[in-house]
Amino acid sequence: MPGPQATRPGAEPTPPDPQADRPDPQATPPGAQAGPPNVQAGPLVSPPGAEAGWGGPEAGPPAWAYPADRTPTAETGSRRRAAVLAVGAGLALAVLGAPLGLLWAAVAPDTPVIKTAEGAVYAQPQPEQPIAADGWFSLLGLGFGVLAALALWFLLRRRRGPVGLVAAVLGAFAAGLVAWQLGRRIGLSRFDQLLASAPEGQGFGKPSDLRAGGIDWVLGVLPVPHGNLLLPAFGAAITYTLLAGWSRWPSLRPEPDAADLSWVSAATPTPPAAPEPPAPGAAEPPRG
């Protein structure tokens, strides 16, 4: 076995190389798995047409960008359901105008008239019954509008907003129109019969009607409602607006519970759990 190289007599010893003890940066440390050959690290390149943060301009935002119930498809369906509920609520209020008209006809007094050669005239110079009929319709219509707005506010609490206001106003106006036409026609056929067949000087009652409200026709084609016929819609609009102004929620809808919100998509993978630390005294895994 050859020994170390001997130094010739009189020669100076060679100094040690300082680069000899430095580790090679390209060398793989002991126990580490060698990577694939000829692979160089570089910046990640997005696929063509992709934007930063999204999968592309046509792919749209990922599922985690929306809550579970606020995706674009869910928003479209929610608006459609809100429109259907608003139309249904307006029709329901219009149908409720029928009992409102019956109630008005029951409480409003008939106006006494006398049959003459020119037709029916008031039995009194200044009767109070027409004023009472207008007053009863105003009170009942205003109260109906207030109750209609309260009902829509609390029953459709998840659909509050401009759509609910429009449904309340239009539904209350339709109910007032139905109540007016139905109430004034109760007993009208008997009045027309007595007016045609009763002798002169006979007195009878004329059914209640509105004098402080009704519908005027502009150019014979455009209906313009006016007077106390608008009070049901007015009461509904004022009440619904006040309820919206006093609402404690900016969206007018009660905030959902925190447990009902889910910002995690079902397609998002669950991160793996961290490995548990080894128990005391356990043998360490082999290295190298």
Side-chain angles (χ1 to χ4, degrees), residues 86-114 120-156 160 162-192 195 203-218 222-246:
V87 173
L91 293 177
L93 291 179
V95 172
L96 291 178
L100 179 64
L102 295 177
L103 179 61
W104 174 54
V107 297
D110 293 343
T111 304
V113 296
I114 299 176
V121 296
Y122 290 137
Q124 301 174 0
Q126 295 181 349
E128 299 178 353
Q129 288 80 6
I131 301 176
D134 283 332
W136 277 112
F137 187 89
S138 299
L139 291 176
L140 294 176
L142 188 62
F144 180 87
V146 172
L147 294 178
L150 290 173
L152 292 186
W153 178 266
F154 289 106
L155 294 180
L156 303 180
R160 294 172 182 171
V163 176
L165 176 61
V166 171
V169 172
L170 294 182
F173 172 73
L177 189 61
V178 171
W180 171 46
Q181 290 297 321
L182 179 62
R184 66 185 293 267
R185 294 180 186 276
I186 296 178
L188 185 60
S189 59
R190 177 174 174 78
F191 170 77
D192 294 337
L195 184 61
F204 46 90
K206 180 183 178 181
S208 57
D209 200 353
L210 293 182
R211 294 199 311 175
I215 294 180
D216 292 337
W217 293 88
V218 178
L222 181 61
V224 178
H226 64 90
N228 52 4
L229 184 61
L230 299 175
L231 281 179
F234 177 76
I238 291 298
T239 305
Y240 202 96
T241 304
L242 290 177
L243 290 173
W246 293 336

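The chain is numbered in sequence order, starting from 1. If you're wondering where the values come from, they're calculated on a predicted model, not measured in any experiment.
Annotation for Glu128: atom CD does not count as buried by contact number, only 12 or fewer foreign heavy atoms lying within 6.0 Å.
Scanning both residues, Val178 and Gly97, for their nearest heavy atoms gives CG1-C, 3.8 Å. Nearest heavy-atom pair, Pro207 versus Ile186, reported as atom, atom and distance to 0.1 Å: CB-O, 3.6 Å. Listed here is the closest heavy atom pair of Ser208 and Pro109: CB-O, 4.1 Å. For Ala120 against Phe191, the heavy-atom pair with the smallest separation is CB-CZ, 4.4 Å.
Side-chain contact between Ile215 and Leu177 is present, with at least one heavy-atom pair separated by less than 4.5 Å. Annotation: side chain of His226 is in contact with side chain of Asp216 (closest heavy-atom distance under 4.5 Å). Side-chain contact between Ile131 and Arg211 is present, with heavy atoms from C-beta onward closer than 4.5 Å. Proximity of Val113 to Phe204: side-chain heavy atoms (C-beta onward) are separated by under 4.5 Å at one or more points.
Rounded to the nearest 0.5 Å, atoms CG (Leu155) and CG (Leu150) are 10.0 Å apart. Rounded to the nearest 0.5 angstrom, Trp104 CH2 and Arg184 CZ are separated by 8.0 Å. Atom CD in Gln129 sits 14.0 Å away from atom CG in Asp209 (nearest 0.5 Å).
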Could you tabulate the donor-acceptor pairs under 3.5 Å formed by side-chain atoms of residues 135-148, not counting sequence neighbours?
unit_1 : atom_1 : unit_2 : atom_2 : d
Ser138 : OG     : Asp134 : O      : 2.8
Ser138 : OG     : Asn228 : ND2    : 3.3

Run the side-chain donor-acceptor check on residues 229-244: report pairs under 3.5 Å with partners two or more places apart or on a different chain.
unit_1 : atom_1 : unit_2 : atom_2 : d
Thr239 : OG1    : Gly235 : O      : 2.8
Tyr240 : OH     : Gly161 : N      : 3.4
Thr241 : OG1    : Ala237 : O      : 2.7

